[in-house]
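What follows is a short report on a single structure.
Order of appearance sets the numbers: ligands from 1, and atoms from 1 within every ligand.
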Amino acid sequence: MTSAPNTAARTGSAHEPVTVIGLGLMGQALATAFLAAGHPTTVWNRTPGKADGLVARGAVRAPSVADALTASPLVVVCLSDAAAVRDTLGPYRDRLAGRTLVNLTSGTSDEARDLSAWTAGYVDGAIMAIPEVIGTPEAFLLFSGAPEAFEKHRESLGRLGNATFFGADPGLAALYDVALLGVMWGTLNAFLHGAALLGAAKVDATVFAPFANQWLASVTGFVSAYAEQIDRGAYPAEDATLETHLATMKHLVRESAAAGVDTDWPARVQALAERAIAAGHAGTSYASLIEVFRGRA
Ligand code: FVH
């Protein structure tokens, strides 16, 4: 059982110098938020022209990666992937000594753990937001890695959005990231499938959307209830049995086929339930599907 994470308050008036390396869509937003909060901000990007707008607003353009690293005690990097981080910063690893490197590049937990060997001040991060909302309370960011390094810069990092720290394992933020993205893709795929199904009956997606959103509010209640069952390791069917779910899943497959809508997604949903039932979970709750995902059914 893990303890609840610490959530960093978005308060404080520290204006420590910050370096942002990588000025793509997200890096631009990060640097803009630091500048707006009053941090002296140094920037570097492989394609230098992308720094022009930030420099016009007060950022300092570093002539090289080495200069960018030495300019600030807090270095934030946001590139396409871990390979780009290794290629860009790897040759200058020695410059990281005594600094905090916050890597907001998406990646896997193992990539984060590998990169954490570079410096004692490594913090990995995941941005659960789009560039437009960076610097607002709507943005939430997840961090894990060197606790002292995170603590030292938590106010500055809080400028980007609501920051949550998961502890010393540098891979944990990346793991939360992919798990949460999976929730997003699963939900969106279900919505898109439903929109295709209703679209075949000439119902616009914008007409369907409010009903989908209302239903999602109920689904969040199921998530909380099933999380407790998963942690208890007991799946009493307090609402409906998996067998009852399976019968309705078959309706979704049949309706899809009849409407000429792709049946791949609902057929996979049905197949997962059938595997759990074959493993003895016909009379338990939907949460018992966790045994399939754990590879036990
Ligand atoms: N944009 C978003 O909404 C999402 C939100 C969640 C988290 N992601 C992650 O953020 C990373 C960067 O995403 P991005 O949207 O800023 O991506 P781009 O606009 O494509 O910018 C990519 C930057 O990476 C630089 N870069 C790529 N390869 C290299 C390399 N080999 N060496 C040096 N720099 C490299 C690129 O430079 P340039 O092409 O401008 O010269 C951009 O600065 C990403 O992990 C998302 O998953 C964003």
Please could you name the atoms of ligand 1 that [X] approaches to less than 4.0 Å, counting only its heavy atoms?
X	value
Lys50	38 (P), 39 (O), 40 (O)
Leu23	43 (O)
Pro131	1 (N), 2 (C), 3 (O)
Thr88	32 (N), 33 (C)
Cys78	10 (O), 11 (C), 12 (C)
Ala84	28 (N), 29 (C), 30 (C), 31 (N)

Quick one: look up the protein heavy atom nearest [atom] and list residue, atom name and how far away it is.
atom	result
atom 39 (O) of ligand 1	Arg46 NH2, 2.9 Å
atom 25 (C) of ligand 1	Leu79 CD2, 3.8 Å
atom 4 (C) of ligand 1	Met26 CE, 4.0 Å
atom 37 (O) of ligand 1	Asn45 OD1, 3.7 Å

Next on the checklist: Can a side-chain donor-acceptor contact be found between Thr241 and Thr244 if the only test is distance below 3.5 angstrom?
Outcome noted: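 Note: Thr244 and Thr241 side chains meet the donor-acceptor criterion.
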
Item to check | Donor on one side chain, acceptor on other, Asp124 and Tyr122, under 3.5 Å | outcome: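 Yes, side-chain donor-acceptor contact under 3.5 Å.
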
Next on the checklist: Any atom of ligand 1 sitting under 4.0 Å from a heavy atom of Thr105?
Outcome noted: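 Under 4.0 Å: yes for Thr105.
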
Checklist entry - Is the closest heavy atom of Ala129 to ligand 1 under 4.0 Å? => result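 Yes; Ala129 lies near enough to ligand 1 that a heavy-atom distance drops under 4.0 Å.
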
Checklist entry - Is it true that a side-chain atom of Glu111 and a backbone atom of Thr108 form a donor plus acceptor pair closer than 3.5 Å? => result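 Flag set: sc Glu111 to bb Thr108 pair under 3.5 Å.
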
Checklist entry - Does His39 reach the main-chain N or O of Glu16 with its side chain, forming a donor-acceptor pair under 3.5 Å? => result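 Yes; judged by distance alone, with no hydrogens or angles, the pair exists.
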
Next on the checklist: Taking atom CD as the centre, does Glu255 end up with more than 12 heavy-atom neighbours from other residues, nucleotides or ligands that are less than 6.0 angstrom away?
Outcome noted: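 Atom CD in Glu255 is not packed in, count stays at 12 or less.
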
Checklist entry - Which option out of Leu25, Ile130, Val77, Leu181 puts a heavy atom nearest to atom 17 (O) of ligand 1? => result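 It is Leu25 that holds the nearest heavy atom.
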
Item to check | Spacing of CZ belonging to Arg46 relative to CD1 belonging to Ile21, to within rounding of 0.5 Å | outcome: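 Going from CZ on Arg46 over to CD1 on Ile21, the span is 13.5 Å.
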
Item to check | Asp169/Arg113 ion pair, N-O < 4.0 Å | outcome: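 A salt bridge is present here (some side-chain N lies under 4.0 Å from a carboxylate O).
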
Checklist entry - Can a salt bridge be assigned to the pair Asp52 and Arg61 using a cut-off of 4.0 Å between side-chain N and carboxylate O? => result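 Yes.
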
